[in-house]
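Keep in mind that this is a model prediction, so the values were computed, not measured. Within every chain, numbering begins at 1; the chains are lettered A, B, ... in the order of the sequence lines, protein sequences first and strands thereafter.
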Number of protein chains: 2
Amino acid sequence: MATNQKFNFKNYVKNTSLTVGVNPVIFSVSEDKLKVLIATFDPRIKKSLPGGAILKNENADDAANRVLKESTGLGDIFLKQFRVFSEPDRFSYSTVYNELREETYKPPEDIDIPDRVFTIGYFALVNFDTVQPTGGIINIMSEWVDIDAIPELMFDHNLIVTEALNALRKELFFEPIGYNLLPEKFTMPELQRIYEIILDKPLTRSNFQRKMLNWGIYERLEERKEGVSHKRPFLYRFNKDKYEEALKRGANFCF
Amino acid sequence: MATNQKFNFKNYVKNTSLTVGVNPVIFSVSEDKLKVLIATFDPRIKKSLPGGAILKNENADDAANRVLKESTGLGDIFLKQFRVFSEPDRFSYSTVYNELREETYKPPEDIDIPDRVFTIGYFALVNFDTVQPTGGIINIMSEWVDIDAIPELMFDHNLIVTEALNALRKELFFEPIGYNLLPEKFTMPELQRIYEIILDKPLTRSNFQRKMLNWGIYERLEERKEGVSHKRPFLYRFNKDKYEEALKRGANFCF
DNA sequence: TCTTCATTGTATCGGGATGATACAATGAAG
DNA sequence: CTTCATTGTATCATCCCGATACAATGAAGA
């Protein structure tokens, strides 16, 4: 592994708000497992979440979307801010460059490095198959890791993952966001697996299907799923118009 | 009005993270109206939300609780972080001291003032009667203002109020937080008024009462409300143990 | 003292959603 | 042609919700 881009601390400081960053926890589902995208900043130190400082001309959402784009190649993704992590000692630049003892990451003496960094936690839902994990501007490489096999990460990033999962579960309970983990066209059994994997409990098939259809926000397509050795399930697609119409009628999507 | 404490910029800079602050939107209900605590920083400029920078040894929640204590005298209050406000141009220290043109608020030349400030939005629920609005460390004085009579505030504080109200409504829909606006002992009709005022719509009395009692998180006291010219309603009290027990059973408190 | 009246606690009733169960239809594998 | 896992949908008892009704209460007023 090699840095795909030379990291220039002076440039970084000049263009960013060094004291506030973002850390999106990017979820996907593959092989019946919930996975999180984990970044390798440098192979000699602990892995971390994708993330970065907020650039001087961006707001927090812009920064989170940019980091997402950098680490997955994707834009226009479900992304939600859930909490700020603000412990005074949660982060220090010195931790990183002390471990590395390398000029590349060591801030020049004449730059005023903050002794404290805040980060805004986001969680994102992406379709596993559309992602080609890459490194961000700083990260060397990213990889999918099972949610229950996440190693010890840098700083408070393990806490951020835990809280992101809590936030995801809460959000899934109140908003129909599960489809974001699937391709555009999906079947009801596939959607059910998403719910079961995230909530970590089995659901009754017939009742799940009935509830989803009653919400009236998924449109049934003409085609059915191909290549299955049993009855071919219908394909559905999330319909934003129907969703917003239902919202206006005062509908709620509590699970 | 006079400043209750001399503001010392050098001291302020020394002890704070200048680039990240908190702004709690403090709600209460009085005379059938939802009110927000609005602070006067200086009578010559626009009013604002209570708020302040995060001190060097605090996390964000600590800072929000401190500001809350400073402006209401209250501790141990319902307080919830809901969003970060991060537009690059949302705030500048120069806006304030340019409007004032006063040495007190003008940062000394030798201090490096950030050109950008983030703020973490909180909303808080307090019982109107227990609050004696005071000034914070910087604020001169605070006052309760009807939610629909809020004047033009500093920076993006009007947006913060709007978003706080949205967050409050959403939270009230999913969690039983309304009682925080009432005294410790309250009646069901009083609780119903809280819901009606926040959600801004009338509710059916009998059904409201039934739902609240079915939740099983409010314990009925022996006493009844005194001094009413009709049937004396029962008094209730939120029971944290019952609430957590219900949560464990998987109950939800969707309204 | 008695009547009035607004308010409160609770019961009831029909409609709609929910959990549990059943069953016919489907389509590749053998 | 049979097998078998899976899917779409129906059914039924139960629970929750909105709407309505009614007796009980207690201060105010006659």
Using atom names, set out every protein N or O paired with an N or O of nucleotides 13-15 of chain D below 3.5 Å, distance rounded to 0.1 Å.
none

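- Figure legend: B:R220 and B:F234 shown as a cation-pi pair, the cationic atom lying under 6.0 angstrom from the six-membered ring centre and within 45 degrees of its axis.
- The side-chain hydrogen bond (donor to acceptor under 3.5 Å, both in side chains) search around B:Q209 returns none, not counting sequence neighbours.
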In dot-bracket form, 5' to 3', how is DNA chain C paired? Count Watson-Crick and G-U wobble pairs only if both distances fall under 3.5 Å, and write | where the partner sits on another strand.
||||||||||||||||||||||||||||||

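- Scanning for ring-ring contact (aromatic ring centres under 6.0 Å, His included) contacts around B:F27 gives an empty result, with sequence neighbours left out.
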Could you pull out every donor-acceptor pair under 3.5 Å between side chains of residues 181-202 of chain A and any protein atom, sequence neighbours left out?
residue : atom : partner : partner atom : Å
A:E184  : OE2  : A:R237  : NH1          : 3.3
A:K185  : NZ   : A:E223  : OE2          : 2.8
A:T187  : OG1  : A:E190  : N            : 3.2
A:E190  : OE1  : A:T187  : N            : 2.9
A:E190  : OE2  : A:K225  : NZ           : 2.6
A:Q192  : NE2  : A:E196  : OE2          : 3.1
A:Q192  : NE2  : A:L203  : O            : 3.0
A:R193  : NE   : A:D32   : OD1          : 3.4
A:R193  : NH1  : A:E196  : OE1          : 2.7
A:R193  : NH2  : A:D32   : OD2          : 3.1
A:E196  : OE2  : A:L203  : N            : 2.9

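- Remark: A:K170 pairs with B:E175 by the salt bridge (charged side-chain N to carboxylate O under 4.0 Å, His left out) rule, at least two apart or across chains.
- Using a distance-only test at 3.5 Å, with no hydrogens or angles considered, no donor-acceptor pair links the side chain of B:N65 to the main chain of B:D62.
- Considering only residues two or more places apart in sequence or on other chains, B:R232 meets the side chain to side chain contact (heavy atoms under 4.5 Å, CB included) condition with B:R224, B:E226, B:V228.
- Ring geometry for A:F123 against A:F78 counts as tilted: the plane angle lies between 30° and 60°, on a 0 to 90° scale.
- Residues satisfying the side chain to side chain contact (heavy atoms under 4.5 Å, CB included) test with B:R83, not counting sequence neighbours, are A:Q81, B:F85, B:E163.
- Chain A approaches DNA chain C within less than 4.0 angstrom (heavy atoms of the protein), and the contacting nucleotides run 5' to 3' from C:dT18 to C:dA28.
- Residues from residues 201-222 of chain B placing a heavy atom under 4.0 Å of any atom in DNA chain D, listed by number, are B:T204, B:S206, B:N207, B:R210, B:K211.
- In this view, B:E31 satisfies the salt bridge (charged side-chain N to carboxylate O under 4.0 Å, His left out) rule with no residue, not counting sequence neighbours.
- Shown here are the salt bridge (charged side-chain N to carboxylate O under 4.0 Å, His left out) partners of A:D61, two or more places apart in sequence or in another chain: there are none.
- Taking the nucleotide of DNA chain D with the nearest heavy atom to each of B:C254 and B:V228, the more 5' of the two is matched to B:C254.
- Between the B:N207 side chain and the B:T204 main chain, no donor and acceptor come within less than 3.5 Å of each other.
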